[in-house]
S.K.: 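Once you've had a glance at the structure underneath, I'll fire off some questions.
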There are 2 protein chains.
Amino acid sequence: MTTPLEKARQDPESMKARILDVARRIFGEYGFHGTTTRMIAQEVGIDISTLHYHWGGKKDLYESVVVDINKDLRQKLSEVEKVIHGLPLSERLAISIDLTTDYLFDHPEVSNLILYRYFGKTRCEGNLDAIVPEFTADIARSMGLARDKKNVPPETTMKVLAVMNSIHNFISGESFFRPMVKVDRERYIALVKETLKFIHIPAFAQNETT
Amino acid sequence: MTTPLEKARQDPESMKARILDVARRIFGEYGFHGTTTRMIAQEVGIDISTLHYHWGGKKDLYESVVVDINKDLRQKLSEVEKVIHGLPLSERLAISIDLTTDYLFDHPEVSNLILYRYFGKTRCEGNLDAIVPEFTADIARSMGLARDKKNVPPETTMKVLAVMNSIHNFISGESFFRPMVKVDRERYIALVKETLKFIHIPAFAQNETT
DNA sequence: CTGTGATTCAATCGTTTGATGGAAGTGTAG
DNA sequence: CTACACTTCCATCAAACGATTGAATCACAG
């Protein structure tokens, strides 16, 4: 059986896929309550009821978006893991930061939506959060901080969260932070990478068993 | 002339102050669009029109909340600066992390609202953002990363942002992160401090001029 | 008590929002 | 062509939202 989301992804030109792409961007910008179904429909160029026909309702569409976002991010992290496999920790971190940052600057709605889920709440009765597998454990193992995916110590999980969040912050907060440092987009991206490496590499290199 | 906000703060039992306190919390939890004026009024135990009488409208109330939040945080950071003055950088960072984290865990709506402003957008025509003085420059100077408040280099601003954001993240994301590490609140707070020090102290200590 | 200004509330307005029903359009198999 | 499933849109609904009005209530000076 194929889920509606998989079906939508099979044909990127299908109406389902077009709606999903727009919904990703707008939900990411304005959050769940800040987004109206009419905003999405207008951006796609269709009627509201067409949106309802394909995705059922606002909550259903939002949950599909969240699942889709997480699927994309997981795949990207999996790609990164293959590139850095076997390298020393410092290099692994540096390359991971470069690749992940580049990817997220191209898809800022991913960071936006993840941060919205972390820090915001919704006033919906039902559990709006779709069941999304967390993959901090994968990152921890990929960074050599944990042997297996089970029983990752809390300290390690927290460290992984700190790294991932600091990346998402600079991506998602660009519209706020970039005017503060008064640089163009290209320079901002370079600054982000530089800062992330400055902050995180020394921390994990301090007890590196080279 | 006293602003409405100052007037409200003079008498903490006044209706203006009671509304402001509740609005801080609810706006922080649900964001601007996720919060309804009725939610705030019901929490305070008053009628909606009473809220409008005191604060004019939803946007005005939200802007007052943002200004109030930033004023509180600035004052707290000023207190912290006095404590750490003259100490070596590593100690300054450690103490700053401890004090700031404790304060924000007691007032999580501060972190919530700041992150909402960083990462979220509103679909209001007018510039919803009240003019809030940013104080990353003060922090930079207080940390010894900049000589004066003017002309702080972009690299320094980015580093300060990274530190502040990582703190806000763990405060505001507690409801999401704490179940991931499966610890009680007290242990979570300790973990946050520990992680923040692990991440940030080595970074700034690497080129410390002892 | 009376008058006056400040405060609070009940009732309601106009708009927006999420959602739906039914008509019209499109493509395909028989 | 017909029949039928699949899409899309127009018109519309009920509920929720922000906001306003006018009356009731309170505090208090004269």
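Residue numbers start from 1 in every chain, and the chains themselves are labelled A, B, ... in the order their sequence lines are given, proteins ahead of strands.
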S.K.: Between the protein and nucleotides 25-28 of chain C, which nitrogen or oxygen pairs are less than 3.5 angstrom apart?
M.R.:
none

S.K.: Summarise how protein sits on nucleotides 20-26 of chain D as a single string, 5' to 3': B when a protein heavy atom is under 4.0 Å from the base, S for sugar-phosphate-only contact, - for no contact.
M.R.: BB-----

S.K.: Are the side chains of B:Thr101 and B:Phe170 in contact, using a 4.5 Å heavy-atom criterion?
M.R.: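 Of all side-chain heavy-atom pairs linking B:Thr101 with B:Phe170, none is under 4.5 Å.
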
S.K.: Just the rounded figure in Å: distance from P of D:dC17 to CG of B:Leu51.
M.R.: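 One finds 14 Å between P of D:dC17 and CG of B:Leu51, rounded.
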
S.K.: From NE2 of A:His54 over to P of D:dC6, roughly how many Å is that when rounded to an integer?
M.R.: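 Result: 12 Å.
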
S.K.: What are the residues of residues 33-42 of chain B, sorted by number, that bring a heavy atom to within less than 4.0 Å of DNA chain C?
M.R.: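 Residues of residues 33-42 of chain B under 4.0 Å from DNA chain C: none.
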
S.K.: For C:dT7, does either OP1 or OP2 sit under 4.0 Å from a side-chain N or O belonging to B:Tyr53?
M.R.: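 Affirmative; the distance criterion is met.
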
S.K.: Kindly compute the distance separating CZ (B:Phe204) from CG (B:Leu145), expressed to the nearest 0.5 Å.
M.R.: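 If I round to the nearest 0.5 Å, the distance is 6.0 Å.
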
S.K.: Once side-chain hydrogen bond (donor to acceptor under 3.5 Å, both in side chains) is applied, do any residues pair with B:Glu174, and if so which ones, sequence neighbours excluded?
M.R.: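 Applying side-chain hydrogen bond (donor to acceptor under 3.5 Å, both in side chains) to B:Glu174 gives B:Arg178, B:Arg185.
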
S.K.: B:Leu61 CG to D:dA19 C1': how many Å, rounded?
M.R.: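 Atom-to-atom, B:Leu61 to D:dA19, this comes out as 14 Å.
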
S.K.: To the nearest Å, give me how far apart NZ (A:Lys58) and C1' (C:dG18) are.
M.R.: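 Going from A:Lys58 (NZ) to C:dG18 (C1'), I get 8 Å.
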
S.K.: Using the test side-chain contact (heavy atoms from CB on, under 4.5 Å), find all partners of B:Ser142 that sit at least two apart in sequence or belong to another chain.
M.R.: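 With neighbours one apart ignored, the set is B:Glu81, B:Ile84.
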
S.K.: With under 30° as parallel and over 60° as perpendicular, where do the rings of A:Tyr188 and A:Phe105 fit, or are they tilted in between?
M.R.: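 Plane angle over 60°, so perpendicular.
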
S.K.: Nearest whole Å is fine: how far is C:dT15 C1' from B:Arg123 CZ?
M.R.: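 That distance rounds to 12 Å.
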
S.K.: Can you list the residues that meet the side-chain hydrogen bond (donor to acceptor under 3.5 Å, both in side chains) rule with B:Lys121, with sequence neighbours excluded?
M.R.: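 Here no residue qualifies.
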
S.K.: Just how large is the angle between the end axes of the helix from C:dC1-D:dG30 to C:dG30-D:dC1, five pairs per end, to 10 degrees?
M.R.: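 About 10° separates the two local helix axes.
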
S.K.: Does either side chain, that of A:His52 or that of A:Thr37, offer a donor lying less than 3.5 Å from an acceptor on the other one?
M.R.: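 Checked: A:His52/A:Thr37 side chains show no N/O donor-acceptor pair below 3.5 Å.
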
S.K.: Within this structure, what is the OH-to-C1' distance between A:Tyr30 and C:dT17, rounded to whole angstrom?
M.R.: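 These atoms are roughly 17 Å apart.
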
S.K.: Restricting to pairs with a member in residues 32-56 of chain B, which pass salt bridge (Lys or Arg N to Asp or Glu O under 4.0 Å), not counting sequence neighbours?
M.R.: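 Sorted pair list: B:Arg25-B:Glu43.
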
S.K.: List for me each residue that meets ring-ring contact (aromatic ring centres under 6.0 Å, His included) alongside B:Tyr116, sequence neighbours excluded, and say none if there are none.
M.R.: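 Partners of B:Tyr116 under the ring-ring contact (aromatic ring centres under 6.0 Å, His included) test: none.
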
S.K.: Suppose we screen for side-chain hydrogen bond (donor to acceptor under 3.5 Å, both in side chains). Which residues come up paired with A:Thr157, at least two apart in sequence or across chains?
M.R.: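 Per chain and number, A:Thr157 pairs via side-chain hydrogen bond (donor to acceptor under 3.5 Å, both in side chains) with no residue.
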
S.K.: Which residues pass the side-chain hydrogen bond (donor to acceptor under 3.5 Å, both in side chains) test with B:Asp102, sequence neighbours left out?
M.R.: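 For B:Asp102 the side-chain hydrogen bond (donor to acceptor under 3.5 Å, both in side chains) partners, ignoring immediate neighbours, are B:Lys193.
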
S.K.: ring-ring contact (aromatic ring centres under 6.0 Å, His included) with A:His33: which residues, sequence neighbours excluded?
M.R.: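 Per chain and number, A:His33 pairs via ring-ring contact (aromatic ring centres under 6.0 Å, His included) with no residue.
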
S.K.: Could you state the interatomic distance from OG1 (B:Thr100) to CG (B:Leu196), rounded to the nearest 0.5 Å?
M.R.: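 Taking OG1 in B:Thr100 and CG in B:Leu196, the distance rounds to 10.0 Å.
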
S.K.: Output the rounded distance in Å from CH2 (A:Trp55) to P (D:dT8).
M.R.: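 Distance, rounded to whole Å: 13 Å.
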
